[in-house]
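Okay, structure first, notes after.
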Amino acid sequence: MSRTSSLPVVVSAFLIGLLFGIGLLVAGMANPAKVLAFLDLAGAWDPSLALVMGGAIAVGLVAFRVAGQRKLSLLGEPMRLPARRDIDKRLVLGGLGFGIGWGLAGFCPGPALVALGAGQAKALVFVIAMLAGMAVFELLERRPGKRPAAS
Amino acid sequence: MNIDWAAFTPWSALIGGGLIGLAAAAMILFNGRITGISGITGGLLVPQRGDTAWRAAFVLGLILAPVAWLLTGPLPELRIDADYPLLVIAGLLVGVSTRYGAGCTSGHGVCGLSRLSPRSIVATLLFMGSGFATVFIVRHLLGA
């Protein structure tokens with residue numbers, strides 16, 4: 001884990017980020033108003049985002065099946081596939097809390113970073129608050145006697 | 001249920017979703033990593049030797065996606081109705097919770113469901129459920 005990532009790994013991560021962001025823009029997921037229209041089941045419901053998930057998972061199912069049969073990635077990196085299967089309190093509370101934050105503003109982390117790049121001041125505020133929230137988590141994890149964070 | 005057919009964009013949703021899936025596919029097949037945006041971003045806050053450059057490169061790619069888009073034409077609509085105090089509360093909640101629950105829409109929702117991971121299926125049902133409930137409360141009970 002301590003070896004330096006190779007240049008191809010860094011370049012591919014950049015291109016993947018670019019592709020992911022363009023996918024979010026095409027899908028409409030970078031637009032919080034559209035995300036909230038999906039989450040508003042009792043209002044004028046826009047089901048589009050269900051198809052975004054469907055389209056992504058259709059490709060992902062194949063890719064992760066292939067990945068599961070490999071020991072190393074195409075660039076020679078170890079396959080870091082999560083092995084945990086337990087449902088713990090952290091997962092449940094984290095999932096519930098994330099949904100509340102998502103429903104309040106219509107932003108999840110990826111789209112917020114894309115909207116930030118689009119020059120939206122409100123996205124910058126959200127991203128700073130999100131980073132502060134992540135920093136709070138790290139501080140709580142480092143309290144003496146705490147077990148180290150997974151992943 | 002009252003579907004807003006005028007707002008429904010099935011083709012761009014499917015194509016955009018497909019591109020997101022391709023990005024997640026490339027990340028696992030080339031880099032051997034899960035595309036979990038909260039985890040990748042959170043990892044930048046506690047830099048570890050040799051584990052930072054690829055994270056920064058990925059996040060930079062996301063941020064520059066709209067810039068690349070502008071080379072081809074105007075950006076699609078991005079409407080943020082939430083006011084600043086609400087954005088701060090929402091951002092804090094998303095930040096703490098995604099790290100606490102080890103994932104967000106990309107890591108659990110896209111990659112986890114693609115892996116048929118029981119943890120991710122539970123997490124996705126929970127954050128979708130609480131997202132639906134939150135919007136219901138805000139828009140229909142509080143009438144905001």
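Every chain is numbered from 1 and lettered A, B, ... according to where its sequence line falls, protein lines coming before strand lines.
- Neither the backbone nor the side chain of B:Leu125 has a heavy atom closer than 4.5 Å to any heavy atom of chain A.
- Chain A forms more heavy-atom pairs under 4.5 Å with one residue of B:Gly18, B:Ser130, B:Gly101 than with any other, namely B:Ser130.
- Expressed to the nearest 0.5 Å, how far CG of B:Leu92 lies from CE of A:Met130 amounts to 11.0 Å.
- Heavy-atom distances place both the backbone and the side chain of B:Phe30 under 4.5 Å from chain A.
- Using a 4.5 Å cut-off between heavy atoms, A:Lys34 contacts chain B through its side chain alone, with no backbone atom that close.
- Chain B forms the most heavy-atom pairs under 4.5 Å with one residue out of A:Ile128, A:Leu93, A:Leu116, A:Val92, and that residue is A:Val92.
- Residue with the most contacts toward chain B among A:Pro8, A:Gly21, A:Ala27: A:Ala27 (heavy-atom pairs, distance under 4.5 Å).
- To the nearest 0.5 angstrom, A:Asp40 atom CG is 10.5 Å from A:Asp46 atom CG.
- Looking at A:Pro111, neither its backbone nor its side chain comes within 4.5 Å of chain B, counting heavy atoms on both sides.
- Transitive grouping of hydrophobic side chains (ILVMFWY, heavy atoms separated by less than 4.5 Å) keeps A:Leu139 and B:Leu44 in distinct clusters.
- Hydrophobic cluster membership differs between B:Ile121 and A:Leu91, with clusters built from Ile, Leu, Val, Met, Phe, Trp and Tyr side chains linked at under 4.5 angstrom.
- Of all heavy-atom pairs between B:Ile40 and B:Met27, the closest is CD1-CE, 4.0 Å.
- Using a 4.5 Å cut-off between heavy atoms, A:Val114 touches chain B through backbone and side chain atoms alike.
- Using a 4.5 Å cut-off between heavy atoms, B:Pro118 contacts chain A through both its backbone and its side chain.
- Residue B:Ser97 touches chain A through both its backbone and its side chain, counting heavy-atom pairs closer than 4.5 Å.
- Under the 4.5 Å side-chain heavy-atom criterion for Ile, Leu, Val, Met, Phe, Trp and Tyr, A:Val26 and A:Leu51 are members of the same hydrophobic cluster.
- Residues A:Leu104 and B:Leu86 share a closest heavy-atom pair of O-CD2, 3.4 Å.
- Using a 4.5 Å cut-off between heavy atoms, B:Val110 touches chain A through backbone and side chain atoms alike.
- By number of non-hydrogen pairs under 4.5 angstrom with chain A, the leading residue of B:Leu62, B:Val96, B:Leu19, B:Ile37 is B:Leu62.
- Contact annotation for B:Leu45: only side-chain heavy atoms (C-beta onward) come within less than 4.5 Å of a heavy atom of chain A.
- The greatest number of non-hydrogen atom pairs below 4.5 Å with chain A, out of B:Gly91, B:Ala7, B:Gly21, is found for B:Gly91.
- Contact of B:Glu77 with chain A is made through backbone and side chain together, with heavy-atom distances under 4.5 Å.
- Per-residue counts of heavy-atom pairs under 4.5 Å with chain A were compared for B:Gly36, B:Ser38, B:Ala24, B:Ser117; the largest is that of B:Ser38.
- Contact count against chain A (heavy-atom pairs under 4.5 Å) is highest for B:Phe58 among B:Phe58, B:Trp11, B:Phe136.
- Contact between B:Trp54 and A:Ala13 at its shortest, heavy atoms only, is O-CB, 3.3 Å.
- Contact between B:Cys111 and B:Thr35 at its shortest, heavy atoms only, is SG-N, 3.6 Å.
- Interface remark: A:Ala42 contributes backbone and side-chain atoms alike to the contact with chain B (heavy atom separation under 4.5 Å).
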Next on the checklist: Using side chain to side chain contact (heavy atoms under 4.5 Å, CB included), reason through B:Thr41 and B:Arg55 one step at a time and then give a plain yes or no.
Outcome noted: CA-CA 7 Å; B:Thr41 309; B:Arg55 292 175 188 272; over 6 Å; no
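- The hydrophobic cluster containing B:Leu14 also contains A:Val52, counting ILVMFWY residues as joined when their side-chain heavy atoms lie under 4.5 angstrom apart, directly or transitively.
- Ranked by heavy-atom pairs shorter than 4.5 Å toward chain B, the options A:Ala123, A:Pro82, A:Ala50, A:Gly28 are led by A:Pro82.
- Aromatic pair A:Phe38/B:Phe8: centroids not less than 6.0 angstrom apart.
- The pair B:Arg33-A:Glu77 does not meet the salt-bridge criterion, since no charged nitrogen lies less than 4.0 angstrom from a carboxylate oxygen.
- The aromatic rings of A:Phe126 and A:Phe107 sit tilted relative to each other, their planes meeting at an angle between 30° and 60°.
- Among the candidates B:Thr9, B:Leu64, B:Val88, B:Ile15, the residue making the largest number of heavy-atom pairs closer than 4.5 Å to chain A is B:Thr9.
- With a 4.5 Å cut-off on non-hydrogen atoms, B:Ile20 touches chain A through its backbone and its side chain both.
- Contacts of A:Ala121 with chain B are made by both backbone and side-chain atoms, with heavy-atom separations under 4.5 Å.
- The same ILVMFWY cluster, assembled from side-chain heavy atoms under 4.5 Å apart, contains both B:Met1 and A:Leu36.
- When each of A:Leu41, A:Val35, A:Leu24, A:Ile22 is scored by its heavy-atom pairs under 4.5 Å with chain B, the top score falls to A:Leu41.
- Annotation: maximal heavy-atom pairing with chain B below 4.5 Å, among A:Ala37, A:Ala132, A:Ala118, occurs at A:Ala118.
- Interface check for chain B: of the options A:Val125, A:Leu25, A:Val136, the most heavy-atom pairs under 4.5 Å are formed by A:Leu25.
- At a 4.5 Å heavy-atom cutoff, the contact between A:Met53 and chain B is made by side-chain atoms alone.
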